[in-house]
Amino acid sequence: MSARLIIMGPQGSGKGTQAARLAERLGVPAISTGDIFRANVKGGTELGNQAKAIMDAGDLVPDSLTNAMVRDRLAEADTAEGFILDGYPRNAAQVEALDAVLAERGVTLDAVVELSADRDELLARLARRAVVEGRADDTEEAISRRLAIYAEQTAPLTDAYAERGLLVAVDGIGDVDDVTERLMAALASRVG
Ligand code: AMP
């Protein structure tokens, strides 16, 4: 079984949850750039110190730092059979950087999943998450900044992946288990 996937969707679309579930089902690691950055902030690393203020404001960490981090992560042995990238790539320059890393490794993507949810549902979920998780970037200002960046820079990337025949759109609204089954069904012909 091999599965090299990207999962896209705005913050609050449930993509982190679904990435973890798909990873378990497919036997490949879920790689969340947001989680890696947060672990670095918590651990007080150089990378974390550079990223913290940017993350708290809801802005994107510079591509140079992000791309280098993903390159290192994809060099780890557990990605031999695949990976699910969650939160990366987020802009056109990151798409190019990822293409280069995959080409160097001699592998290609199997699919890019776009998980959709409408804006009211997203805002309601993010507000709930802010209470439960207490994330520093779940303030109203940072949330709207993140959604704006998603709409401006990240959502348009689906066009490029659609042109390559990689895009799979899945409705992210509904019961968590149902969404996982929808994803597995949509990916069935592409992984393995
Ligand atoms: P997330 O958990 O995916 O919402 O990411 C949290 C924050 O980490 C983002 O708002 C950014 O500040 C930073 N981050 C995560 N992934 C990326 C990325 N691919 N490029 C730049 N910044 C990122």
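Numbering of residues begins at 1 and proceeds along the displayed sequence.
- When all heavy atoms are compared, the tightest approach of Ala19 to Ala30 is O-CB, 3.8 Å.
- One finds no salt bridge joining Asp35 and Lys42 here, because no Lys/Arg side-chain nitrogen approaches an Asp/Glu carboxylate oxygen to under 4.0 Å.
- A donor-acceptor contact shorter than 3.5 Å is absent between the side chain of Arg38 and the backbone of Gly48.
- In this structure the side chain of Gln18 reaches within 4.5 angstrom of the side chain of Leu183, judged on heavy atoms.
- In terms of heavy atoms, Ala23 sits closest to Pro29 at CB-C, 4.1 Å.
- Under a 3.5 Å cut-off, the side chain of Arg125 and the backbone N or O of Ser13 do form a donor-acceptor pair.
- Residues Val112 and Val168 are not in side-chain contact: their nearest non-hydrogen atoms beyond the backbone lie 4.5 Å or more apart.
- Taking a cutoff of 4.0 Å between a charged side-chain nitrogen and a carboxylate oxygen, Arg146 and Asp138 qualify as a salt bridge.
- Salt bridge annotation for Arg73-Glu76: present, with a cationic side-chain nitrogen under 4.0 angstrom from a carboxylate oxygen.
- Considering only heavy atoms from C-beta on, Leu187 comes within 4.5 Å of Leu22 through its side chain.
- Summarising the geometry, atom CZ belonging to Arg4 is positioned 6.5 Å from atom CG belonging to Asp110; distances are rounded to the nearest 0.5 Å.
- No side-chain heavy atom of Met8 sits less than 4.5 Å from a side-chain heavy atom of Leu115.
- In summary, Asp137 and Lys52 do not engage in a salt bridge, as defined by a charged side-chain N under 4.0 Å from a carboxylate O.
- The nearest pair of heavy atoms linking Gly44 to Asn49 is O-ND2, 3.6 Å.
- Considering only heavy atoms from C-beta on, Glu114 stays 4.5 Å or farther from Tyr161 through its side chain.
- Using a 4.5 Å cut-off on side-chain heavy atoms (C-beta onward), Thr79 and Val28 make no contact.
- In this structure, Asp178 contributes its side chain and Gly174 its backbone to no donor-acceptor pair below 3.5 Å.
- Side-chain atoms of Leu85 and Leu5, non-hydrogen and from C-beta on, never get closer than 4.5 Å to each other.
- The two residues Tyr88 and Thr33 make their nearest non-hydrogen contact at CB-CG2, 3.6 Å.
- A donor-acceptor contact under 3.5 angstrom links the side chains of Asp63 and Gln94, judged on distance only.
- With sequence neighbours excluded, no residue forms a side chain to side chain contact (heavy atoms under 4.5 Å, CB included) with Thr108.
- No side-chain heavy atom of Leu98 sits less than 4.5 Å from a side-chain heavy atom of Asn67.
- Using a 4.5 Å cut-off between side-chain heavy atoms of Ile, Leu, Val, Met, Phe, Trp and Tyr, Ile149 falls into a hydrophobic cluster with Leu60.
- Within 6.0 Å of CD on Glu104 lie more than 12 heavy atoms contributed by other residues, nucleotides or ligands.
- Both Ile6 and Phe83 belong to a common hydrophobic cluster when Ile, Leu, Val, Met, Phe, Trp and Tyr are linked at side-chain heavy-atom distances under 4.5 angstrom.
- One finds no salt bridge joining Arg21 and Glu181 here, because no Lys/Arg side-chain nitrogen approaches an Asp/Glu carboxylate oxygen to under 4.0 Å.
- With 3.5 Å as the limit, one finds no donor-acceptor pair spanning the side chains of Arg90 and Thr154.
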